[in-house]
Amino acid sequence: MSTTLTPTEAAPVRGFTREGVEALSRAKGEPDWVREARLAAWETYEATPMPSLRDEQWRRTSIRQLKLDAVAPFAPVSGPVARLAGAPEAARAGLDTPAAAEARAGLVLQHNSTVIHHDLRRNLAQQGVLFLGLDEAMREHGDLVRQYFMTRAVTPEHDKFSALHGAFWSGGVFLYVPKGVQVELPLQARVYADADSPALMPHTLVVVEAGASAVFIDEYVSPTGEQQGLSNSVVELFTGAGAQLRYVSVQDWGRNVYHFNTQRLVAQRDSATNSLSILLGSRLTKSNVESGLDGQGATSEMLGIFFGDGAQHFDQHTLQDHLQPHTTSDLLFKGVLRDRARSVFAGLIRVEPHAQRTDAYQANRNLLLSDKARVDTMPKLEIGANDVRCTHGATIGQVDQEQLFYLQSRGLDRGEAERMIVDGFLDEIIQRIPLAEVRDRLDLAIKQKMGLPPSAAAEEDDAWLDEE
C-alpha cells in the first residue's frame with residue numbers, strides 16, 4: 001500500500017534543501033524520472049523570489065511570520081494498515097461506521113505524509129478504476145501518471161510554493177477512471193495530521209477519461225498544535241471529452257497551519273465539471289482555484305464556502321480560463337466572517353481572442369458578523385473576444401437587523417437567529433455536497449464557529465494579527 005520510512009531516511013533536519021530532496025526520493029525508492037522532476041522543481045524554487053507585499057497577488061497577505069526552516073519536510077508514520085480499524089482513531093473518525101462505508105465507493109486515508117490505507121469496491125477495480133496513494137501509483141502505474149503529473153495543469157513554474165511542492169511532495173492520491181466507466185458513489189480521501197511542526201505536501205491527481213464520471217471528496221484535517229505547521233498542496237483535475245466530475249475539497253486544518261493550495265482543471269470537449277472549495281481551518285490560507293476550459297462545449301461550475309473567525313486570514317484567487325469557443329463557466333463563492341477574520345477574493349474571467357461565444361459568470365457574496373471583520377473583493381474581466389457574455393459582481397453586507405428582529409420576535413435568542421440567517425445564506429451551496437458525513441461535519445463546524453465567543457485560540461490569533 002505504501003512505503004514506510006523512518007525520520008532519518010527521509011528528512012533528518014528541518015527546513016528545505018537540495019540534499020533533503022535527494023534523501024526523500026531515495027527513501028521512497030522512486031524511479032529516476034520522479035527524482036529528476038523533483039530536482040528540476042527545486043531549481044525553479046531556488047530561482048523564484050519569495051513573494052512579498054510588493055507583489056500584486058500578495059499585497060494583502062503577509063507571510064513574514066512563516067518560518068520554512070522550522071518545519072519538517074517529511075512526517076513518516078508506522079506504515080500501512082490492511083483494515084481501516086487499524087488506523088489511528090482520530091484519523092478515521094466518521095469513516096469507519098457501516099453507514100459511511102456503504103455510502104462511498106472507495107477510501108484513501110493518509111496519516112501525516114504517508115498513505116496508510118486504501119480500498120476500492122471490487123466491481124470498480126474490475127472495470128479498470130484506480131484509486132490509491134500517489135506514491136504507490138508512481139511505482140505501479142508510472143507511465144500513466146507521468147502523462148499528467150505537474151506537466152499539463154499545475155507546473156513548478158506556477159509560483160514559488162508550487163515549485164516547493166514539486167520538489168517535496170509526499171503522499172496524496174491518484175484517481176483514474178477509464179473511458180466510459182460510471183462511478184456512482186463518491187470516492188473519498190482524507191489527510192489527517194498530528195505531527196510536530198509538519199510540512200505536509202499531498203498531491204491530488206484525478207483523471208476522468210472520455211464519457212466517464214466520478215464524484216471525489218478530498219479532506220484535510222488536523223487538531224491545533226503548538227508549533228507552526230505548513231500545508232502546501234496541489235490538485236490537478238483532468239476531464240476527458242464528455243466526462244463528468246464533481247470534486248469537493250474540505251480544508252479544516254488546525255490554527256497553527258499555514259495553508260497554500262493550487263488547484264487547476266483541464267477540461268476537454270463537452271465535459272462538465274463541478275468543484276466546491278470549503279475553507280474552515282488554518283491560521284492563513286492562500287488558495288488558487290483555476291478552470292482551464294480547453295475544449296469546445298466544456299462547462300465548469302466553481303463553488304466556494306469559507307467561514308473565518310478569530311483572526312483567520314483567507315486569500316483566494318480564482319481563474320475562469322476560456323481557451324476555446326463555446327465554453328461556459330459559473331462561479332459562486334460565499335463567505336461568512338466574524339471577530340477579526342479577513343478575506344481577500346480576487347477572481348478573473350479570462351477569454352482568449354479566439355474563444356468566441358463564451359458564457360461566464362462570477363459572483364462573490366460576503367456576510368459580516370462583526371464590525372472588525374474585513375473583506376477585500378476584486379472580481380475582474382479580461383476579454384479578448386467580441387462575441388461573449390461575461391458578467392461579474394460582489395456583495396458585502398452585515399446581518400439584516402429587521403431579519404434578526406423578526407426571528408427574535410418568534411422566540412429565538414440573538415445567537416440562534418444569527419445562526420439561522422447564516423444557514424440560509426450558505427444553504428444553496430451546502431445542499432450540493434454529495435456525502436452526508438461531509439455535510440454533517442460542515443454543519444457542526446459552522447455551529448461551533450457561531451456558538452461561542454472568541455476562544456483562547458482566537459485570542460492568540462488576535463495577538464498574532466497585531467504583530468503583522
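Note that the numbering runs from 1 along the sequence shown for the chain. Worth knowing before you read on, the calculation uses all heavy atoms, side chains too, and leaves out hydrogens, waters and symmetry mates.
Judged by distance alone, the side chains of Ser170 and Ser113 never bring a donor and an acceptor atom under 3.5 Å apart. With no hydrogens or angles considered, a side-chain donor-acceptor pair links His117 and Asp119 at under 3.5 Å. Side-chain contact check for Thr285 and Gln251: at least one donor-acceptor pair (N or O, by modelled atom type) lies under 3.5 Å. Residues Asn261 and Ser233 have side chains that bring a donor and an acceptor to within less than 3.5 angstrom of each other.
Nearest heavy atom pair, residue Gly166 against residue Met150, reads CA-SD, 3.7 Å. Contact record, Thr155 with Thr151: CG2-O, 3.8 Å, taken as the closest heavy-atom pair. Considering every non-hydrogen atom in both Ala167 and Ala41, the closest pair reads N-CB, 3.6 Å. Shortest non-hydrogen contact noted between Ala103 and Pro186 is O-CD, 3.3 Å. Listed here is the closest heavy atom pair of Pro88 and Ile116: CD-CD1, 3.8 Å. What you find for Ala87 and Leu109 is that their closest heavy atoms are CB-CD2, 3.6 Å.
Evaluated for a side-chain contact (heavy atoms from CB on, under 4.5 Å) with Leu332, the options Met302, Glu428, Gln362 yield exactly one hit, Glu428.
Every residue two or more places apart in sequence or in another chain that forms a side chain to side chain contact (heavy atoms under 4.5 Å, CB included) with Glu418 is listed here: Leu404, Arg414, Met450.
Distance check, rounded to the nearest 0.5 Å: CG of Leu144 to CE of Met138 gives 11.0 Å. If you take OH on Tyr258 and CD1 on Ile63, they are separated by 9.0 Å, rounding to the nearest 0.5 Å. In this structure, CG in Asp315 is found 3.5 Å from NZ in Lys286, a value given to the nearest 0.5 Å. One finds the CZ atom of Arg342 at 11.0 Å from the CG atom of Leu337 (value rounded to the nearest 0.5 Å). Atom OG of Ser282 is separated from atom CG of Leu284 by 6.5 Å, given to the nearest 0.5 angstrom. Atom CH2 of Trp33 sits about 9.0 Å away from atom CG of Asp143, to the nearest 0.5 Å.
A salt bridge is absent between Glu209 and Lys179; no separation between the charged side-chain nitrogens and carboxylate oxygens falls under 4.0 Å. For Arg419 and Asp423, the salt-bridge test fails: no basic side-chain N is under 4.0 Å from an acidic carboxylate O. Residues Asp309 and Arg338 are not paired through a salt bridge, judged by the lack of any N-O separation under 4.0 Å between the basic side chain and the carboxylate. Checked for salt-bridge contact, Arg441 and Asp252 miss the test: no charged N lies under 4.0 Å from a carboxylate O.
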What do the steps show when you test Leu369 against Val422 for side chain to side chain contact (heavy atoms under 4.5 Å, CB included), and what is the final call? CA-CA 9 Å; Leu369 305 181; Val422 169; 4.1 Å; yes
Please step through side chain to side chain contact (heavy atoms under 4.5 Å, CB included) for the pair Glu416 and Leu407, ending with a clear verdict. CA-CA 9 Å; Glu416 293 171 331; Leu407 293 172; over 6 Å; no
Before giving the answer on side-chain hydrogen bond (donor to acceptor under 3.5 Å, both in side chains), spell out for His392 and Asn364 the whole-Å C-alpha distance, their side-chain angles and the decisive distance to 0.1 Å. CA-CA 9 Å; His392 66 304; Asn364 173 225; over 6 Å; no
Run the numbers on Glu290 and His317 for side-chain hydrogen bond (donor to acceptor under 3.5 Å, both in side chains), then give the verdict. CA-CA 8 Å; Glu290 303 180 0; His317 285 244; over 6 Å; no
Pair Ser291, Thr273 - check side chain to side chain contact (heavy atoms under 4.5 Å, CB included), show working. CA-CA 9 Å; Ser291 286; Thr273 307; over 6 Å; no
Could you go through the side chain to side chain contact (heavy atoms under 4.5 Å, CB included) check for Leu185 and Val215 one step at a time? CA-CA 7 Å; Leu185 293 176; Val215 178; over 6 Å; no
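The shortest distance between side-chain heavy atoms of Tyr247 and Val235 falls below 4.5 Å. Counting only heavy atoms from C-beta outward, the side chains of Gln110 and Val173 never approach each other to under 4.5 Å. For the pair His165/Phe260, no side-chain contact is recorded, criterion being any heavy-atom separation below 4.5 Å from C-beta on. In this structure, the side chains of Ser277 and Leu303 stay at 4.5 Å or more apart for every pair of heavy atoms. Put simply, the side chain of Ile433 does not reach to within 4.5 Å of the side chain of Val250, judged on heavy atoms. Side chains of Ile446 and Ile430 form a contact here, defined as non-hydrogen atoms less than 4.5 Å apart. Contact check for Ile396 versus Leu368: side-chain heavy atoms found under the 4.5 Å cut-off. When side chains are defined from C-beta on, Phe131 counts as touching Val108, because their heavy atoms get closer than 4.5 Å.
Remark: side-chain polar atoms of Gln228 are not paired, donor with acceptor, to backbone N or O of Val71 under 3.5 angstrom. Not one N or O on the side chain of Ser213 forms a donor-acceptor pair closer than 3.5 Å with the backbone of Gln244. For Lys449 (side chain) and Phe307 (main-chain N/O), a donor-acceptor pair under 3.5 Å exists by modelled atom type. Between the side chain of Glu89 and the main chain of Ala91, no donor-acceptor pair closer than 3.5 Å is present. Judged by distance alone, with hydrogens and angles left aside, the side-chain atoms of Glu236 form a donor-acceptor pair with the main-chain N or O of Val154 at under 3.5 Å. When atom types are taken as modelled, the side chain of Ser370 and the backbone of Asp339 share a donor-acceptor pair closer than 3.5 angstrom. Remark: the backbone N or O of Gly335 is not paired with any side-chain donor or acceptor of Asn366 at under 3.5 angstrom. Without hydrogens or angle criteria, Gln324 side chain to Leu293 main chain gives no donor-acceptor distance under 3.5 Å. With hydrogens and angles ignored, the 3.5 Å screen pairs a side-chain donor or acceptor of Asn256 with a backbone N or O of Gln227. With hydrogens and angles ignored, the 3.5 Å screen pairs a side-chain donor or acceptor of Arg121 with a backbone N or O of Arg104.
Because its NZ or CZ atom is both nearer than 6.0 Å to the ring centre of Trp169 and within 45° of the ring axis, Arg38 counts as a cation-pi partner of that residue.
Outside the 6.0 Å centre-distance limit, the rings of Phe149 and Phe174 are not counted as a close aromatic pair. The aromatic ring centres of His141 and Tyr176 sit 6.0 Å or more apart.
The aromatic rings of Trp253 and Tyr220 lie tilted to each other, with the angle between the two planes from 30° to 60°. A perpendicular orientation is assigned to the rings of Phe306 and Phe314, their planes being inclined by more than 60° (bins at 30° and 60°).
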